[in-house]
Each structure stands twice: as structure tokens, then as C-alpha cells.
Amino acid sequence: MSLSTWTDRALFGPVDRARVAVLERVVYAVLAFDLWIEMVPHGSRYGAGGLNVAHFAWLDVLQGLPDASTYLAVIFASGVLCLGLALGLGGRAARWAAFALYTYGWAMSQLDSYQHHFFLSIVLFHFALDAGPPEAQRPERGCAWPYQLLVASIAIVYAYTGLSKTEEAWLMGDVLVRINASGGKMDPFLAVAQSAGLSAERFWWLGGHMVVLAQWLIVAGYLAVFLDPARRRRSTAWIAGVGLLTAVAFHAGAEYLELRVGWFSAYMFLLAAVILGPAWPWRLLRSEATGLSALIESRLQGVGGLARAVGAAAVLGASWACQELIDLPSTSALGITAVLLTVVALWSARSRDTAALIGAKITCVLVVAVLCLTQGTVHYDFYRYLGGDLVRRDQPVAALDAYGKANSWAPPGEGRHAKVRKIQATLPGAIK
Amino acid sequence: MSSETPNNDSVARVAADAPRGGRRRRILVVAAVVLVAQLIVPATYYVGESGADERFAWRMFSNRRAETCKVQAAEERVTDPVGRKRPLRLSKLIHRAWIHGLTRRRPDIVDRFFTWRCEDPEIRTILLSRRCRSATGEPLPIDVIEHRCQEAP
């Protein structure tokens with residue numbers, strides 16, 4: 001087989017478009033929640049002490065010192081774009097904007113050095129490449145070269161991960177011992193292995209080798225799908241199936257060991273299920289989601305000539321509510337991004353009838369943002385992290401203010417009241 | 001549903017809506033660039049001098065990361081006798097995420113930290129010392145980095 005035949009088949013072979021649509025929509029949706037719930041609380045460390053190192057030297061030259069406001073503005077705006085895209089709003093520009101903003105979100109500072117954030121930028125880059133005609137205008141099975149390129153990219157990531165774990169400390173199980181030392185989560189398995197006559201040394205050696213084997217089985221799964229996107233060969237389904245089971249087991253193991261990887265496992269479960277698994281669940285999901293969207297659209301058409309006004313009023317109202325209900329820096333970025341997205345979506349809408357639906361979707365995005373940011377521990381974590389850092393850097397008055405806000409957002413039974421009392425005891429009377 | 005087309009594409013088994021001609025060639029170029037970049041970027045870790053910067057190398061939970069380290073800093077001011085270092089409480093100066101970067105000897109962070117401290121004209125020399133244990137718990141040689149501020153007399 002010539003190289004051009006091989007690459008044509010891999011990149012331009014027919015792919016179930018339901019896989020592509022579900023993957024993009026769900027990753028965008030999960031990422032919006034990830035941004036608002038997981039990343040926002042860490043915003044307090046940006047600019048602290050006046051030191052920053054961007055991931056790229058040229059970025060340091062361009063941006064100056066990013067602070068919590070800069071970081072949160074980027075995170076909020078990325079979240080609005082991602083959830084909007086998950087709901088089918090925004091075209092090519094919104095996809096590239098989501099990629100650029102999200103990437104800038106981690107690249108602005110090495111305070112965020114999670115490699116999975118870099119990985120998600122790669123995923124968003126491929127999604128941006130995929131911007132084309134609306135899903136409804138595409139065949140059920142068709143060319144999806146950015147999706148196929150993403151499949152190859154994921155294989156490369158797992159391959160390098162596998163390569164890094166072929167170093168002696170991993171193969172001999174030393175790193176696993178170290179990981180296990182903090183929680184002892186593997187002790188029950190070790191006990192079973194020892195009762196079966198396996199020495200501890202052999203158990204960790206086996207564990208180290210199995211992790212490497214798992215990585216390569218997953219690589220094989222993704223490569224099989226890359227090389228045969230139409231899954232014409234029976235072996236493709238088998239290799240992908242083994243890859244899927246291994247990926248689920250591997251990332252479930254990482255979760256069981258409570259490794260600090262944020263929501264990385266969730267993304268990898270999703271990618272494996274959609275790319276390596278069978279297509280029927282995704283066809284069913286896409287068909288149900290399309291039906292639901294059509295139903296909502298038909299109901300909203302009753303708004304008639306007031307559609308644009310109602311849609312715009314809903315978005316403006318929700319933007320105002322964000323400002324009132326969220327007590328974090330740069331909250332206005334949520335409303336501004338939502339309004340911009342509304343304007344672009346309305347401008348590019350095919351008919352006046354969709355205006356109410358666009359308004360409803362963007363209002364929904366803002367309502368979800370408010371719920372994510374106010375109903376969990378986001379505010380509490382943001383302000384207690386800020387308070388902790390200010391205490392360490394000898395700024396007790398500012399720390400008191402931060403802890404005060406943390407306490408007002410603390411979940412029942414939690415709070416930093418003892419720390420407040422401790423700081424107050426060290427301050428002169430007038431400041432208390 | 002068959003997605004084959006009755007020309008050369010039937011050999012390649014490409015989708016019916018696959019791009020053709022110049023657009024297909026452009027996509028192939030983009031795909032090649034993307035894949036080659038993704039192969040090269042992590043590979044630079046293995047040919048580079050610093051093993052501490054694992055950011056883009058897909059080395060999650062590497063043996064390097066399994067090392068446990070502590071870092072201490074000290075400064076010599078221009079008013080101090082030569083050779084006399086004052087210990088520095090890093091946690092009072094910078095966020096602990098940066099201290100973590102210094103314990104890992106991340107090159108960009110170490111360099112920026114030195115530059116940042118040297119902005120104070122009173123500082124002549126900065127010293128960072130790291131004490132680490134390997135993944136197996138064995139002590140590694142003490143790692144000392146001394147930086148002399150360029151402006152200092």
C-alpha cells in the first residue's frame with residue numbers, strides 16, 4: 001500500500017459523525033464545568049508576591065504580570081464559549097476563541113503546570129479544525145479528518161507516557177511504592193498477592209510492568225482506529241475494544257489511587273468510550289439530543305415577532321444576575337462573553353425563529369455558570385486559598401478580609417473562624 | 001451505507017464527502033505538521049540537558065516527579081561581608097506553587113526567581129540548595145545553585 005493510499009484511508013475514511021458530534025459537545029460541556037468548578041478556586045494565586053513565569057518566554061514579554069482578575073476573566077470567558085459550543089452555538093470563530101482563551105488560561109503562568117491542560121488544548125485545537133457545515137447538513141458517515149488527527153494525537157500522548165514509564169524506577173515498581181505510600185490504597189492487593197505466595201518486590205515489579213503494558217495496549221487501540229476509521233477489518237474492533245477496556249481500567253486505577261489529576265480521568269474515559277467503543281450509543285444520543293432541541297425550538301417559536309427582544313432581554317437579565325450573585329473578580333467577563341456570543345449567534349442565525357432559542361441557550365449557559373460558581377465550594381476555596389497565601393506572606397489585614405469572605409461562603413460545618421481569631425489576636429486593637 | 005467512490009478512492013476507501021485535489025493536499029500538509037510537532041515537542045525532553053522540565057513531555061508521575069525535595073534559599077547583600085549568606089523565608093516572598101517549582105529545579109522558574117530577586121540592588125548573590133530523595137527514598141547529592149546578580153558590585 002502506498003503512503004498516499006494509507007494516509008488517505010486514515011484521514012479521509014468514513015467515520016460515524018455521531019462520534020464526532022458527541023465527543024465535541026460533551027468535551028466542551030465537561031470543560032465548561034471543569035473551568036468554573038475546578039480551575040476558578042486556584043485564581044487567587046495569580047500575581048501573588050509579584051512573581052510570574054509564563055510557559056513561553058515571549059508571553060512574559062507581552063502580558064506583564066497576570067493577576068487573579070486576568071486569570072478569572074479568561075477562565076470565565078472560556079467557560080461561556082465552551083458551554084455555548086456544547087449547546088450548538090458559535091461557529092469557527094467561537095471554536096478558535098475557545099482554544100485560544102483556554103490555552104492562554106494555562107500558558108499565562110507556570111502556576112498551572114498540569115499536563116492535562118496542555119492535552120486539552122490539543123483536543124480543542126482539533127475541534128477548531130473541524131468547524132465546517134452544521135451537523136444536520138453532513139452525512140451520517142463521512143470524512144472527519146480533524147477527528148482522525150485527534151485519534152493519532154491521543155495515540156502519541158499515550159505512547160510517550162508509556163515510554164516515560166519504561167525507566168527503571170517505574171519498571172521496578174519504585175514509583176508505585178512511592179505513590180502508594182501516601183494512601184496505602186494498594187495494600188489490600190499487596191496482601192492478596194502475598195497470600196498467594198508473591199513477594200512484595202515481585203508485586204511492585206509486576207505493577208510497574210503492567211502499567212507500561214496498559215499504555216501500549218491503549219496506543220494500539222487508538223492506532224487501530226486511526227488506520228481503519230471505517231472499522232472494516234474485524235481486528236480493528238477487537239484491538240479498539242481491548243484498548244477501551246484497558247483505558248477504563250487504567251484511569252479507574254488512577255482515580256482509585258486518588259492521584260491529583262483534576263478531571264483528567266473523566267476526559268480520558270470519554271475519549272476512549274467515544275473513539276474506541278461501538279458507535280450505536282452515540283448515534284442514539286445524537287438522535288435524542290437533536291429531537292429534544294427541535295422540540296424546544298418549536299415551542300419557542302410561539303414567541304413570534306418578539307423572539308429577538310425576548311432572547312436579548314433574557315441574556316441581559318442573566319448577565320446582570322451573574323454580576324449580582326457572584327462575588328469574584330472579573331465576574332463581568334461572563335456577561336460580556338455571553339452578550340458577544342449572542343450577537344454573533346443572532347447575526348449568523350438563518351431565521352428570526354431561532355432567536356428565542358439562542359437567547360434561551362445563552363441564558364442557560366449563564367444560569368449554569370452561576371450555579372457552578374455559587375452552589376459548591378468555589379467561592380469558599382478561592383478566598384481560603386487567598387487567605388492562606390496572604391497569611392504566609394505576612395499580610396494579616398488582607399488575609400482577614402479574604403477569610404471573612406471565605407467564611408461567608410463556607411459550607412455548613414466548615415470555615416476559617418479559628419484562623420480569623422488567631423490572626424485577630426496578633427493585630428493591634430484598632431485593626432481588629 | 002457505502003461510502004466508497006468509484007475511482008482511485010475506492011482503493012483508499014475514503015469517505016464520499018472527502019475533500020479532493022488541492023484542498024486534500026493542504027489538509028495532508030496540516031496533518032503532517034501537527035503530527036510531527038507532537039512527536040518532536042516531547043522528544044526534546046529526551047535530547048535536552050535539563051531533566052527537570054517535564055511540562056510537555058507526557059511524563060505524568062515520572063520517577064523524577066516521585067523524588068521528594070526540600071529547597072532552601074539564602075541571599076548575600078552588598079552590605080554584608082563577602083560570603084555571609086542570610087537565610088531567606090521563601091514562603092514570605094512567593095506563593096508556594098513557585099516554591100514547589102524551585103524544589104523541582106524547573107529552569108524557567110529558577111531563572112526568573114533569580115532575576116526577580118536581583119531587581120533589588122541590595123542583593124549581591126542568591127543561593128538555592130535542594131536536598132532530595134529518590135523514588136526509593138535514598139538521599140541524592142545536595143544540589144546547590146549560586147547566582148550572582150550582574151549589577152552587584
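Heavy atoms only: backbone and side chains are in, while hydrogens, waters and symmetry mates are out. Being a predicted model, the structure only gives us computed values, none of them experimental. Every chain is numbered from 1, with letters handed out A, B, ... down the list of sequences.
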query = Can you find a heavy atom in the side chain of Val34(B) that is under 4.5 Å from one in the side chain of His126(A)?
reply = yes
ask   = Checking heavy atoms, do the side chain of Ala57(B), its backbone, both or neither come under 4.5 Å from chain A?
value = backbone
Inter-residue atom distance Leu39(B).CG - Ser153(A).OG, 0.5 Å rounding = 9.0 Å
query = So what's closer than 4.5 Å to chain B heavy atoms on Val261(A): side chain, backbone, both or neither?
reply = side chain
key: Contact class of Phe125(A) relative to chain B, heavy atoms under 4.5 angstrom   = side chain
key: Gln72(B), CD: over 12 other non-hydrogen atoms inside 6.0 angstrom   = no
ask   = Can Arg59(B) be said to sit on top of Tyr160(A)'s aromatic six-ring, NZ or CZ under 6.0 Å from centre and within 45° of the ring axis?
value = no
note = If one checks every heavy atom of Tyr45(B) against chain A at 4.5 Å, the contacting part turns out to be neither
Neighbour count above 12 (heavy atom, 6.0 Å) for Lys185(A) NZ = yes
remark   = Turns out that what part of Leu11(A) lies under 4.5 Å from chain B's heavy atoms comes down to side chain
request  = Give the minimum heavy-atom separation between Val175(A) and Phe61(B), together with the two atoms involved.
outcome  = CG1-O, 3.6 Å
query = Is it the backbone or the side chain of Trp106(A) that comes under 4.5 Å from a heavy atom of chain B, or both, or neither?
reply = side chain
ask   = Hey, which of Arg178(A), Lys165(A), Gln115(A) has the most heavy atom pairs under 4.5 Å with chain B?
value = Gln115(A)
Greater than 12 external heavy atoms within 6.0 Å of Glu255(A)'s CD = yes
query = Going from CZ on Phe56(B) to OG on Ser113(A), what distance comes out if it is rounded to the nearest 0.5 angstrom?
reply = 8.0 Å
task = Salt-bridge test for Asp60(A) and Arg112(B): reply yes if a basic N is under 4.0 Å from a carboxylate O, no otherwise.
result = no
inquiry  = Rounded to the nearest 0.5 Å, what separates atom OH in Tyr385(A) from atom NE2 in His95(B)?
reply    = 10.0 Å
ask   = With a 4.5 angstrom heavy-atom cut-off, which part of Leu93(B) approaches chain A: side chain, backbone, both or neither?
value = backbone
message = Which one wins on heavy-atom pair count under 4.5 Å against chain A: Ser91(B), Ala97(B), Gly101(B), Gly137(B)?
response = Ser91(B)
ask   = Top residue by heavy-atom pair count (under 4.5 Å) with chain A, among Arg96(B), Arg65(B), Glu67(B)?
value = Arg96(B)
inquiry  = Heavy-atom cut-off 4.5 Å, strictly under: side chain, backbone, both or neither for Val157(A) against chain B?
reply    = both
message = Quick check: do Phe12(A) and Ile27(B) have side-chain heavy atoms less than 4.5 Å from each other?
response = yes
ask   = How many angstroms lie between CZ in Arg23(B) and CH2 in Trp145(A), if you round to the nearest 0.5 Å?
value = 7.0 Å
inquiry  = Are Asp174(A) and Asn63(B) packed together at the side-chain level, in the sense that at least one heavy-atom pair is separated by less than 4.5 angstrom?
reply    = no
message = Within the 4.5 Å heavy-atom criterion, are Lys92(B) and Arg393(A) side-chain neighbours or not?
response = no
request  = Look at atom CD of Glu168(A) and say whether more than 12 heavy atoms of other residues, nucleotides or ligands are closer to it than 6.0 Å.
outcome  = no
ask   = Do you know which of Ala169(A), Gly142(A), Ala57(A) has the most heavy-atom pairs with chain B at a distance under 4.5 angstrom?
value = Gly142(A)
query = For Arg89(B), is it the side chain, the backbone, both, or neither that has a heavy atom closer than 4.5 Å to a heavy atom of chain A?
reply = side chain
ask   = Distance only, no hydrogens: is a donor on one side chain within 3.5 Å (strictly under) of an acceptor on the other, for Gln110(A) and Arg106(B)?
value = yes
ask   = In terms of heavy-atom pairs under 4.5 Å with chain A, which of Val30(B), Thr136(B), Leu35(B) leads?
value = Leu35(B)
ask   = Is the count of non-hydrogen atoms from other residues, nucleotides or ligands lying under 6.0 Å from Arg131(B) atom CZ greater than 12?
value = no
task = Verify the ring-centre separation between Phe118(A) and Trp58(B): is it less than 6.0 angstrom?
result = yes
ask   = Cys143(A) and Ala18(B): which non-hydrogen atoms are nearest, and at how many Å?
value = CB-CA, 3.8 Å
remark   = Nearest heavy-atom contact between Val14(B) and Asp8(A) is CG1-O, 3.4 Å
